[in-house]
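Here is the structure we will look at, set down as structure tokens.
The figures here come from the full heavy-atom set of this structure, side chains too, leaving out hydrogens, waters and symmetry mates.
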Amino acid sequence: MAQKKNEGYQLRISRATSPVVVDGTLDEPVWQTADVATNFWMVLPADTSRANVRTEVRMTYDDQAVYLSAVCLLGTVPNAASAVPYIVESLRRDWSFGKNDNFIFFIDTFDDQTNGFTFGVNAAGAQWDGLLYEGGKANLSWDNKWTSVVRNYPDRYVVELAIPFKTLRYKKGISRWGINFSRLDLKTTEKSSWTPIQRQFPTASLALTGTLVWDQPPPQPGPNISLIPYVLGGMAHDYQTTAPTSSRFSAGLDAKVALTSSLNLDLTVNPDFSQVDVDQQVTNLDRYELFFPERRQFFLENGDQFANFGYSTIRPFFSRRIGLGGVPIRFGARLSGKLNKDWRLGVLDMQTGAVPETGLPTQNFAVLALQRRVFARSNIGMLFVNKESIGYQEPTVQPGSGGTPSGVPVYSQYNRNLGIEYNLASANNLWSGKALYIRSFNAPPTPGSTTAASTQGDNAVYAANLQYFSRRWLIGAQLEAVGQNYTAEAGYVPRRGYERGIGTLGYTFLPVGGSVLSHGPTANSTYFFDPAGRQSDNESVLSYTVTFRSKSVFTAWAATDYVRLLQPFDPTNSGRPTLATGTEHRWTAWGTDFDSQPQRLFTYGLATRYGGYYANGTRLNVTADAGYRFQPYVSLAVSASYNAINLPQPWGRTTFWLVGPRFDLTLSNTLYATTFVQYNEQQQNMNVNARLQWRYKPASDLFIVYTDNYLAGSAQFGQDVPGFLSVKNRALVIKWTYWWNL
């Protein structure tokens with residue numbers, strides 16, 4: 001067990017002797033006597049000196065909450081023309097880190113250097129909160145109950161906040177937590193940290209935190225039960241049918257029960273997620289299913305133990321398989337948290353309702369996750385996933401059908417996955433890796449059915465990777481083997497029946513002085529092989545990235561591709577003729593990517609790609625995004641992507657536009673409106689999503705959500721669509737939630 005690198009950085013926290021009022025004035029006596037964390041280290045643009053921008057942090061607590069104050073002095077730039085002392089996007093919650101002057105801190109309540117919490121504010125007072133997992137990655141979709149106030153002065157902003165002990169998860173009797181504080185001052189482009197952190201690591205790295213030393217173990221929060229009811233009303237109209245406008249009313253309940261201060265039981269009955277942000281569409285030219293992240297609150301706390309088992313394209317469990325596409329969730333439960341400093345437990349069970357229109361029966365999703373810490377920061381994890389169809393009926397064979405069942409379902413009786421993995425994370429944060437084995441247990445196939453996976457053949461996954469990431473070097477390798485009959489019906493595994501090898505090598509030059517902060521090449525090569533051992537795909541990319549001291553970034557790259565199709569594929573993904581199985585395709589391509597300085601009121605980015613494509617064709621892609629902010633109240637943004645594909649007949653020339661303007665109005669840090677429009681020429685669809693959110697109390701909200709979908713006509717595919725836009729459907733939803741602590 002190696003000692004934590006920054007163990008010597010200690011901040012003592014003592015009980016407050018008088019009440020603390022969260023108002024940003026710091027006039028309570030406790031702030032005058034509390035220990036101070038200051039004299040931060042610079043992380044960027046260099047990591048070898050103390051920070052120029054000064055920050056002072058103090059902490060205290062009482063029986064209900066832990067309190068923090070921070071005095072954040074503003075940096076100055078000679079001859080700076082900006083009349084605004086700070087730079088922020090808006091007052092919207094969970095803002096983008098790199099586009100806001102901000103103060104953030106990270107808490108490792110078990111001091112295990114793996115999981116924790118992050119809280120913070122930008123200079124205008126907008127909040128940020130999230131869960132930390134895998135040693136320093138943040139999930140900002142998590143949301144909980146806490147309060148903060150920011151006061152602005154010409155030379156500084158002052159932060160004061162309170163986090164209830166009921167919001168945190170920690171072990172009884174532990175008097176040392178991992179902690180670190182981070183500042184970003186965009187005017188001087190300085191990123192700083194209380195503890196020293198090398199520039200290649202995020203300040204959220206829990207292996208590099210200091211220590212919060214309590215004068216006595218933190219108080220137990222007492223009975224910790226929260227009820228979160230909701231009431232929803234709405235109406236919708238489908239213009240593609242003659243059905244009249246439909247109305248809906250529903251109510252549901254979430255409950256959080258802290259069985260211990262570190263183990264939580266979440267319950268939900270008839271949940272609704274209509275207020276969740278819509279997915280950002282992309283032009284899909286891939287041969288396999290795309291991935292969109294989970295955003296629903298119920299699945300997020302300790303969700304890494306379920307969702308991050310495996311790799312990005314080998315996920316035996318993916319919670320978005322539950323309750324989407326019109327499938328109702330009836331009820332569910334999740335038990336998750338720490339058993340002690342070394343053991344984590346996660347149990348999830350969700351019940352969905354039947355969908356008579358499609359014949360989908362009631363289904364149950366059950367997941368068990370267990371994790372044991374080993375060595376300094378590594379762990380061994382086990383995952384079991386069971387998807388079961390309740391009331392499954394075996395299809396019958398009709399006379400004269402030639403042995404093919406009638407009414408073959410698009411679901412199986414059951415599908416189960418059992419896996420074990422070892423996650424490597426070195427004490428010095430330089431080495432990381434994973435080794436895993438997963439096996440699926442599939443329902444026997446119905447005679448003649450092509451929808452149920454066979455129980456014969458290879459239904460296992462083997463994979464491993466190792467990465468070394470230092471100040472200058474990035475070296476990595478990964479191997480995967482996914483069996484042809486491996487099935488994860490409750491997971492995300494877009495490709496089966498392959499072996500893959502990946503190699504990565506990168507080097508970073510760190511010049512002293514000048515306008516360039518860092519630059520260097522990265523080479524990456526990926527090879528796929530089919531079950532017979534023949535190569536089916538290869539992509540090799542050589543890129544060169546230059547990061548400027550102004551924080552703008554430029555990348556140029558070149559790539560070679562080889563594809564041998566294992567199944568028919570339409571290279572435009574638009575329902576047109578397909579290329580034949582077994583055909584081989586080779587091409588080269590090159591491109592650039594540029595992101596402008598995030599501290600400007602006007603920001604922009606531009607990415608280009610040009611080169612070969614399938615069937616000796618060519619593809620041009622230009623993607624641009626731009627944004628302007630009238631800080632802190634209004635943020636305007638637009639993204640646009642253009643694809644021009646030239647192929648031989650019968651495809652010819654195909655063009656796709658994808659345009660997405662976004663408007664954010666933040667009247668305060670508790671009241672904001674967002675309108676997001678997306679036009680997708682490939683899907684012949686335009687949708688509008690407008691949402692008003694009023695956080696009238698911490699973690700309690702009123703939502704008004706309006707959605708509008710249009711059929712966007714396109715002559716190039718031969719559809720007879722009247723007009724450019726034709727209304728498909730519209731809906732309006734009003735939802736009220738309240739967080740009630742018992």
Side-chain angles (χ1 to χ4, degrees), residues 2-11 36-57 70-78 80 87 97-98 101-106 113 120 135-136 178-211 377 425-432 467-475 505-522 544-555 597-599:
Q3 186 182 40
K4 190 166 60 173
K5 180 178 180 179
N6 293 324
E7 182 72 24
Y9 286 78
Q10 298 188 354
L11 178 66
V36 184
T38 189
N39 202 18
F40 281 29
W41 288 91
M42 190 187 299
V43 179
L44 290 172
D47 58 6
T48 56
S49 65
R50 296 285 184 173
N52 295 315
V53 179
R54 185 172 177 81
T55 309
E56 298 176 352
V57 184
V71 179
C72 303
L73 275 71
L74 299 174
T76 58
V77 178
I87 299 168
F97 172 83
D101 282 356
N102 63 67
F103 169 83
I104 304 175
F105 66 103
F106 315 99
Q113 307 171 51
I179 198 162
N180 198 16
F181 313 105
S182 173
R183 275 284 309 278
L184 180 62
D185 186 82
L186 285 173
K187 188 173 292 186
T188 61
T189 70
E190 182 178 278
K191 178 182 176 182
S192 59
S193 165
W194 177 47
T195 66
I197 294 180
Q198 290 184 320
R199 62 200 298 166
Q200 74 268 25
F201 299 131
T203 50
S205 299
L206 296 180
L208 303 174
T209 58
T211 304
R377 301 177 56 234
S426 67
N428 60 9
N429 224 35
L430 295 176
W431 291 92
S432 62
Q467 176 177 284
Y468 174 78
F469 189 26
S470 69
R471 187 194 303 263
R472 294 183 180 274
W473 286 100
L474 171 62
I475 305 172
L505 178 64
Y507 186 81
T508 302
F509 296 95
L510 305 172
V512 178
S515 61
V516 174
L517 179 64
S518 64
H519 61 95
T522 301
Y544 203 98
T545 298
V546 181
T547 302
F548 298 91
R549 291 184 184 273
S550 64
K551 300 188 74 68
S552 57
V553 180
F554 174 78
T555 299
Q597 305 174 45
Q599 61 268 39

Please output the side-chain donor-acceptor pairs of residues 40-51 that fall under 3.5 Å, not counting sequence neighbours, one pair per line with the distance.
unit_1: Trp41; atom_1: NE1; unit_2: Tyr9; atom_2: OH; d: 3.0
unit_1: Asp47; atom_1: OD1; unit_2: Arg471; atom_2: NH1; d: 2.5
unit_1: Asp47; atom_1: OD2; unit_2: Arg199; atom_2: N; d: 2.9
unit_1: Asp47; atom_1: OD2; unit_2: Arg471; atom_2: NH1; d: 2.7
unit_1: Arg50; atom_1: NH1; unit_2: Asn39; atom_2: O; d: 2.7

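- Legend: residues meeting side-chain hydrogen bond (donor to acceptor under 3.5 Å, both in side chains) with Gln467, ordered by chain and number and at least two apart, are absent.
- Partners of Phe103 under the ring pair (Phe, Tyr, Trp, His ring centres under 6.0 Å) rule, at least two apart in sequence or in another chain, do not exist in this structure.
- In terms of the salt bridge (Lys or Arg N to Asp or Glu O under 4.0 Å) criterion, Asp101 has no residue partners (sequence neighbours excluded).
- Contact between Gly98 and Leu184 at its shortest, heavy atoms only, is CA-CD2, 4.0 Å.
- Checked against salt bridge (Lys or Arg N to Asp or Glu O under 4.0 Å), Glu56 has the following partners two or more places apart in sequence or in another chain: Arg54, Arg58.
- Ser192 is linked by a side-chain hydrogen bond (donor to acceptor under 3.5 Å, both in side chains) to nothing, counting only residues two or more places apart in sequence or in another chain.
- Between Phe105 and Thr203 there is no side-chain heavy-atom pair separated by less than 4.5 Å.
- Take Arg377 and apply the salt bridge (Lys or Arg N to Asp or Glu O under 4.0 Å) test, not counting sequence neighbours, and it matches no residue.
- For residues 506-519, every residue pair satisfying the side chain to side chain donor-acceptor pair (under 3.5 Å) rule, not counting sequence neighbours, is listed here: His519-Tyr544.
- Annotation: side-chain contact (heavy atoms from CB on, under 4.5 Å) contacts of Gln597 (sequence neighbours excluded): Ser550, Ser552, Gln599, Arg600.
- Residues meeting the side-chain contact (heavy atoms from CB on, under 4.5 Å) test with Thr555, sequence neighbours left out: Ser543, Thr545, Val553, Asp593.
- Among residues two or more places apart in sequence or in another chain, the side-chain hydrogen bond (donor to acceptor under 3.5 Å, both in side chains) test is passed with Asn102 by none.
- Nearest heavy atoms, Asn6 versus Thr209: CB-O, 3.5 Å.
- Asn180 and Ser193 are linked by a side-chain donor-acceptor pair at a separation below 3.5 angstrom, with hydrogens and angles left out of the test.
- Between Phe106 and Leu206, the shortest heavy-atom distance links the atoms CB-CD2, 4.5 Å.
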